[in-house]
Amino acid sequence: MGTAALETKQHSVQAFVRLALTTMFLFLVHGHVQERWIKAYNFNYSWVTSTFEVMFYTILAYFKFVSEGGRVSALPSVPWSTYTVIAFGLSFGRGLTWLALTMVSFPIVLIGKSAKLLAVMAGSLLFLGKRHSSVEYGAALLIITGLSMFSWADIQANSARKHTERATTPFGVFLVILSLFFDSAASNFQEKAMKMQGRGLGEVMLVTNAMAMAMCAVIAAFSGQIYPAASSMSSSPGIIWMMALTFVLGYAGTTLWTIIIRQFGAVAATGVGITRKFFSLLMSFFFFPKPVIFMHFIGASIFFTGLCVSLVDKTKQSRSKSLPLTEPAKVSKQSQSQDSGPWKQDRLRLV
């Protein structure tokens with residue numbers, strides 16, 4: 001390897017380390033702020049929170065749509081049936097997640113949403129006819145086992161120690177899992193709209209997020225959450241600032257994570273994701289003490305083992321295609337499309 005090539009590789013590695021550390025830092029702060037906000041204000045109006053969150057992404061999607069040369073006058077010709085399914089998935093995916101946070105501990109939501117790979121695998125199999133390897137199914141089994149054991153441990157720990165603050169309930173765990181399937185439906189139909197129907201990312205995000213915002217607002221109105229939520233925000237303005245900071249940090253972290261995908265591939269991005277989730281879990285228990293039993297450690301270990309097995313399998317697939325992670329210039333558009341898989345879904349939803 002020549003000197004120039006070696007320097008290029010070193011610069012590439014340095015760029016990856018900087019991006020990875022910054023991304024993990026943003027997500028760690030995001031998780032900390034989110035959990036502190038939930039505990040400090042006890043703001044349990046999930047559909048109002050979802051409305052504001054999706055509104056934030058709608059505004060960002062509008063600027064992206066305009067930057068791509070999109071015209072609002074051309075929107076009436078969009079595939080409304082596909083976009084309605086996407087919006088339905090987005091609204092209930094976010095709404096049920098916030099609702100679950102009123103019934104489970106923060107680590108349960110963190111681990112549960114990290115298992116989105118399962119729902120995406122199921123959705124891609126059902127909706128897109130994709131097939132998965134035996135290793136992927138084995139990893140999925142480990143993830144399911146770990147998530148089940150961790151959830152059971154959380155329920156038992158809270159019950160045994162009469163810990164009532166955000167005590168985990170079986171129905172709350174069910175809502176977390178259900179939200180994954182709504183997220184998966186939205187992600188898979190987004191992929192369908194972009195690949196099979198040739199729609200632009202900006203258009204997909206603008207229309208579907210705007211529709212999802214309207215759906216969340218209607219549900220919030222019919223559930224009677226708007227007036228008490230407005231009253232809470234009026235008496236405690238800190239709710240608004242903490243909510244906005246949570247959304248901004250989440251979007252910033254997702255944007256950098258997207259850059260890692262584009263420049264270094266989905267495998268590298270997945271490794272960063274697993275690492276930041278592990279440290280987010282540790283931070284949650286460190287800064288916000290919770291009842292812990294040995295089964296927590298066993299469940300978390302099995303869960304992250306499943307994620308790592310999936311990562312190793314993806315790494316082997318990437319190497320078999322002879323596409324090095326440290327040379328982003330050699331990654332073709334075709335490989336980005338093939339390499340995105342389940343890890344591409346958050347990017348499609350948030351960016």
Side-chain angles (χ1 to χ4, degrees), residues 20-40 97-98 100-120 139-158 160-161 163 165-170 172-177 179-180 183 245-246 249-250 252-254 256-257 260 268-312 342-343 346:
L21 291 178
T22 306
T23 301
M24 286 190 288
F25 173 77
L26 287 172
F27 274 120
L28 289 174
V29 177
H30 166 264
H32 181 79
V33 171
Q34 185 179 24
E35 188 167 6
R36 183 168 294 280
W37 162 46
I38 292 171
K39 289 182 178 296
T97 298
W98 286 107
L101 274 168
T102 67
M103 305 178 190
V104 300
S105 66
F106 185 79
I108 290 292
V109 174
L110 177 65
I111 285 187
K113 300 302 283 188
S114 300
K116 185 179 177 181
L117 172 63
L118 302 177
V120 172
L141 180 60
L142 288 173
I143 292 172
I144 292 173
T145 302
L147 176 59
S148 300
M149 294 178 69
F150 192 92
S151 300
W152 179 85
D154 221 48
I155 294 173
Q156 293 299 313
N158 282 283
R161 302 191 185 187
H163 191 272
E165 183 184 358
R166 299 286 173 180
T168 297
T169 65
V173 176
F174 168 74
L175 289 179
V176 174
I177 297 173
S179 72
L180 295 179
D183 286 339
L245 182 59
T246 300
L249 287 170
T254 303
L256 291 184
W257 193 70
I260 294 176
T270 304
V272 172
I274 294 174
T275 304
R276 70 94 175 170
K277 289 165 187 172
F278 175 76
F279 283 106
S280 292
L281 186 64
L282 292 181
M283 282 183 60
S284 178
F285 279 97
F286 179 79
F287 287 104
F288 307 97
K290 306 168 181 65
V292 181
I293 62 176
F294 186 65
M295 190 63 70
H296 276 110
F297 295 100
I298 298 177
S301 299
I302 295 175
F303 179 84
F304 282 104
T305 298
L307 292 181
C308 290
V309 168
S310 180
L311 175 62
V312 170
W343 296 275
D346 286 333

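Between Phe279 and Leu28, the closest side-chain pair of non-hydrogen atoms falls below 4.5 Å. In this structure, Ile155 and Pro170 have side chains that are in contact, with non-hydrogen atoms separated by less than 4.5 Å. Side chains of Arg276 and Thr23 form no contact here, defined as non-hydrogen atoms less than 4.5 Å apart. Looking at Gln34 and Leu101, their side chains come closer than 4.5 Å, going by heavy atoms from C-beta outward. Put simply, the side chain of Val173 does not reach to within 4.5 Å of the side chain of Met103, judged on heavy atoms. You'll find the side chain of Trp37 stays beyond 4.5 Å of the side chain of Leu245, heavy atoms only.
How far CZ of Phe150 is from CD1 of Ile108: 5.0 Å, rounded to the nearest 0.5 Å. Met24 contributes atom CE, which lies 13.0 Å from atom NZ of Lys277 (distance to the nearest 0.5 angstrom). Between the CD1 atom in Ile111 and the OG atom in Ser105 there is a gap of 8.5 Å [rounded to 0.5 Å]. Once rounded to the nearest 0.5 Å, the distance linking CZ of Phe106 with CD1 of Ile38 reads 6.5 Å.
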Can Phe286 and Leu281 be said to form a side chain to side chain contact (heavy atoms under 4.5 Å, CB included), step by step? CA-CA 9 Å; Phe286 179 79; Leu281 186 64; over 6 Å; no
Take Thr254 and Phe27 through the test side chain to side chain contact (heavy atoms under 4.5 Å, CB included) and record every step on the way to the result. CA-CA 8 Å; Thr254 303; Phe27 274 120; 3.7 Å; yes
The test is side chain to side chain contact (heavy atoms under 4.5 Å, CB included); show your working for Val272 and Ile260 and say whether it passes. CA-CA 9 Å; Val272 172; Ile260 294 176; 4.3 Å; yes
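When every heavy atom of Leu180 is checked against every heavy atom of Gly112, the shortest pair comes out as CD1-O, 3.3 Å. Considering every non-hydrogen atom in both Gly172 and Ala100, the closest pair reads O-CB, 3.8 Å. Listed here is the closest heavy atom pair of Ala157 and Ile293: CB-CG2, 4.0 Å. The nearest pair of heavy atoms linking Trp257 to Gly273 is NE1-N, 4.2 Å. Nearest approach of Leu307 to Ile274, heavy atoms of both residues: O-CD1, 3.5 Å. The two residues Phe288 and Lys39 make their nearest non-hydrogen contact at CD2-CD, 3.5 Å.
A donor-acceptor pair under 3.5 Å is absent between the side-chain atoms of Ser310 and the main chain of Gly306, judged by distance alone. At least one donor-acceptor pair closer than 3.5 Å links the side chain of Ser301 to the backbone N or O of Phe297. Although no hydrogens or angles enter the test, the distance criterion places a donor-acceptor pair under 3.5 Å between the side chain of Ser179 and the main chain of Val176.
When the side-chain contact (heavy atoms from CB on, under 4.5 Å) test is applied to Phe174, the partners found at least two apart in sequence or on another chain are Phe171, Leu178. Among residues two or more places apart in sequence or in another chain, the side-chain contact (heavy atoms from CB on, under 4.5 Å) test is passed with Ile298 by Met149, Phe294, Met295, Ile302.
By the neighbour-count criterion of 12 heavy atoms within 6.0 Å, atom CZ of Phe278 is sparsely surrounded, having that number or fewer from other residues, nucleotides or ligands. Heavy atoms from other residues, nucleotides or ligands lying under 6.0 Å from CZ of Phe25 number 12 at most.
The list of salt bridge (Lys or Arg N to Asp or Glu O under 4.0 Å) pairs with a residue in residues 23-36, not counting sequence neighbours, reads Glu35-Lys290.
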